[in-house]
Amino acid sequence: MPHGASSPSPRWTHPIPVAVAFSLAGTGATLALLAATGALTPQSLPGLPAPSGVVAWALPAAKIGGDLAAVATVGALLCAAVLAPGHRRMSVAGYRWTRLAGWTAVGWWVSAVFVLPLQLADFLGTGLPTVTIRGLISFATTIPQGQGQLLVIVATGAIALAGRSVLTTGGSAWLLALAIGAALPPVFTGHAAGSGSHQAAVSGLLLHVIGVLIWSGAVLALMLVRRLPTADVVTAVRRFSAAAPALVALVAISGVITAATRLSKPSELLTTPYGGQVLAKTALLVVAACIGWAHRRWTVPALAAGSVAAFRRLAAVEVAVFGLAVGTAVSLSRTPTPQSTGEPAAAEGTALDLLGFNPPAPPSWGQAWAQLLDPYPDPLFPLVFAAAAAGYLIAARIAGRTGEVWPRQRTAAAMIGLLVLLLATSSGLARYASVSITAHAVQYLLLGLIAPLLLVIGTRDLLSRALPDEDETTEVRGARQWWRAICDHPFTRRLRSPAVALAVSGTVLYGGATGPALELVLRSHAAHLISVPITVAAGVVLIASWLHPTDPATPTIAWILAWAAVHISACMLWLTWPQVLALSWWNQVAPSWLAGSAPDDQRTAALVSLIAGLLVAATAVTMAMANHDRTPTTRLNPAQQTAARQDGAPRTDPAADGLSPAAVTDTTPGDPPADRP
């Protein structure tokens with residue numbers, strides 16, 4: 001039963017007119033723009049079957065229906081999981097938003113089911129009568145567009161079923177992550193995936209889609225529930241208003257990146273149908289940003305004061321604007337991009353086509369810096385790491401105000417760790433990692449061992465000191481309570497076990513180097529984007545289990561040596577393996593200066609991995625011994641922490657180590673802390 005369910009909820013809005021306006025705006029914009037550009041009129045090409053006129057208009061209509069439902073689903077789950085009050089039990093507003101997401105996911109699923117045969121007919125250039133069950137199965141299992149659509153069908157079906165039974169804020173958060181993931185497969189199979197510099201195109205569109213989904217979805221979800229407690233609405237609106245400027249910046253920056261990869265020169269904005277629609281969508285997003293500013297300036301304070309009419313009216317206009325923007329985006333996905341006048345298109349299957357950039361020149365000591373600083377054409381990771389660095393510096397500054405200056409050594413370690421991640425993902429090394437086995441091994445050593453070691457050192461206790469204190473007796477889940485919930489989750493506790501951490505790290509680092517997994521990561525940009533955070537997370541879990549074990553009796557050095565034994569065995573197996581892993585990829589993309597050298601390159605990669613792993617293990621052993629010999633500090637229980645803060649002493653928090661308050665007991669000077677050996 002949701003918390004506070006017995007309290008009557010006043011009528012908040014009229015959802016049916018809002019939903020109708022949003023749907024009509026989106027569908028009307030899509031079909032009107034496609035009709036104006038001639039995209040709804042089938043064009044026959046010599047030697048190819050005549051496309052169906054029904055498919056020409058039915059496919060974008062079905063897509064816009066799915067996209068509108070996706071916006072509503074993501075928005076409702078965002079409101080339920082993040083914006084609405086609710087901590088241990090789901091609030092009334094969170095319950096209603098989660099149930100709303102269950103219904104909108106049904107519409108999303110129905111649209112996805114209809115899109116699949118329409119996509120196949122469009123792919124074949126024929127009408128729907130020629131589509132067969134066997135053809136659909138083949139399309140959904142062997143063709144990237146069909147595979148992506150099948151993932152959407154499965155994910156939306158899961159959301160529709162789970163949305164009717166979830167009763168916790170954490171459950172809504174998991175469904176939110178699944179909903180955002182369900183919206184992304186078309187990003188990796190559309191225009192962006194087939195363009196030159198496809199890494200930049202895909203990553204830019206990925207950021208753009210996520211930003212628009214969250215921004216427009218939250219506003220729409222606020223207007224689609226008939227009755228909500230006023231206090232819950234005020235809480236949700238205030239939280240969203242605080243994050244809105246960052247969302248506007250994300251959508252604007254990613255939109256510029258996406259447009260830059262599709263247009264060869266600025267004049268095409270005015271001379272091509274695609275460029276004209278880009279300008280139209282930009283204008284709509286500017287209008288939405290202005291409405292958001294008006295909300296922050298006038299309607300949100302009025303809403304907090306008890307006046308809801310002004311907010312509802314302006315939000316209804318904003319929903320219609322977002323509907324037009326989503327419709328324009330669907331039209332853009334069906335509009336041919338202008339042909340680039342710079343370089344001829346790469347032949348399918350060539351190194352340029354597979355890589356998205358020309359193969360790099362042979363490495364040279366004289367050109368080392370120039371080659372290293374030649375950026376990899378993907379803006380995603382630089383933006384993410386820049387945001388992480390800014391967030392860290394802000395948190396460190398806040399932590400320094402709690403009574404003890406935040407150590408500069410930790411800041412330096414964290415910043416160097418982020419620089420290592422930037423080097424691994426966005427520099428010339430990432431270019432060479434696509435064509436050289438040794439460079440690829442170095443890249444993932446940096447991601448899975450070196451950067452995690454620095455990040456674990458640099459982030460110790462940061463969030464516990466930076467996050468604001470909150471009233472633990474309330475049912476409002478804020479940042480600190482989210483952090484506690486994550487640290488106290490049984491899954492997180494299992495990950496902190498050295499045995500589990502070793503298993504997870506071994507599976508990710510060494511399993512990812514096997515032939516099928518390695519080739520998937522090399523050939524699929526989506527798989528590469530997924531592999532990077534997973535590798536970093538596995539490394540962080542492993543290093544943290546060594547340096548910050550939760551059980552004082554944990555034989556830390558023994559576990560480090562166990563990992564070293566596993567690492568040596570894996571590297572020796574790789575060194576003596578008779579076949580080159582992912583050989584077909586290396587043969588396809590290898591530049592002339594690497595032709596025929598794949599076996600030697602693999603042996604070099606194994607030796608480099610062996611040496612780097614042993615150095616990391618030696619460093620970890622040294623640090624573990626230093627931690628063991630260091631004089632322990634006193635760990636305070638919650639009552640002692642409160643008294644210490646009143647006296648101006650630095651704040652400590654068991655959540656920094658993933659411990660619940662109940663796990664921390666009174667200690668006396670000289671007792672070992674609860675989280676160190």
Side-chain angles (χ1 to χ4, degrees), residues 2-3 5 9 11-23 26 65-86 89-112 152 155-184 209-229 232-241 243-244 247 311-312 315-316 318-320 322-323 326 477:
H3 176 65
S9 300
R11 187 181 187 91
W12 157 245
T13 186
H14 301 275
I16 294 179
V18 172
V20 170
F22 183 65
S23 301
D67 286 357
L68 296 176
V71 170
T73 303
V74 170
L77 291 172
L78 177 73
C79 288
V82 180
L83 303 183
R89 291 179 292 172
M90 184 180 288
S91 66
V92 172
Y95 176 85
R96 291 175 179 171
W97 270 315
T98 303
R99 296 302 174 267
L100 171 65
W103 286 111
T104 56
V106 171
W108 192 359
W109 179 84
V110 170
S111 169
V152 176
T156 53
I159 297 169
L161 294 174
R164 304 189 61 79
S165 58
V166 166
L167 289 173
T168 64
T169 304
S172 297
W174 282 111
L175 289 182
L176 172 62
L178 182 60
I180 293 176
L184 300 182
V209 167
I210 293 175
V212 171
L213 278 174
I214 294 175
W215 184 11
S216 59
V219 176
L220 177 63
L222 285 169
M223 302 295 291
L224 287 184
V225 177
R226 186 185 304 273
R227 295 185 182 277
L228 289 173
D232 290 2
V233 174
V234 173
T235 298
V237 170
R238 281 178 168 171
R239 289 181 172 182
F240 179 70
S241 181
L247 292 173
F311 181 88
R312 287 189 307 191
E318 190 175 10
V319 164
F322 278 128
V326 174
R477 177 175 285 186

What is the minimum heavy-atom distance between [X] and [Y], and which atoms define it?
{"X": "A162", "Y": "L175", "value": "CB-CD2, 3.7 Å"}
{"X": "A160", "Y": "V106", "value": "CB-CG2, 3.8 Å"}
{"X": "W97", "Y": "A236", "value": "CH2-CB, 4.1 Å"}
{"X": "D232", "Y": "P85", "value": "OD1-CG, 3.4 Å"}

Quiz item: Does the pair L83 and T235 meet the rule for a side chain to side chain contact (heavy atoms under 4.5 Å, CB included), with working shown?
Solution: CA-CA 7 Å; L83 303 183; T235 298; over 6 Å; no
Between [X] and [Y], is there a donor-acceptor pair closer than 3.5 Å when you use the side chain of the first and the backbone of the second?
{"X": "T98", "Y": "G163", "value": "no"}
{"X": "R164", "Y": "R99", "value": "no"}
{"X": "S23", "Y": "A19", "value": "yes"}

Exercise. Output the distance between atom CZ (F22) and atom CG (L224), rounded to the nearest 0.5 Å.
Key: 8.5 Å
Practice problem: To the nearest 0.5 angstrom, please state how far the CG atom of L228 sits from the CE atom of M223. | Solution: 11.0 Å
Is there a side-chain contact between [X] and [Y], using heavy atoms and a 4.5 Å cut-off?
{"X": "R226", "Y": "R96", "answer": "no"}
{"X": "F311", "Y": "L222", "answer": "yes"}
{"X": "L167", "Y": "Y95", "answer": "yes"}
{"X": "L178", "Y": "T156", "answer": "no"}

Quiz prompt | Worked verdict on V152 versus W108 for side chain to side chain contact (heavy atoms under 4.5 Å, CB included) | solution = CA-CA 9 Å; V152 176; W108 192 359; 3.9 Å; yes
Quiz item: Can the ring centroids of W215 and F240 be said to lie less than 6.0 angstrom from one another?
Solution: no
Would you mind writing out the side-chain donor-acceptor pairs for residues 65-80 within the sub-3.5 Å range, not counting sequence neighbours?
residue	atom	partner	partner atom	Å
T73	OG1	A69	O	2.8
T73	OG1	T104	OG1	2.8
T73	OG1	A105	N	3.4

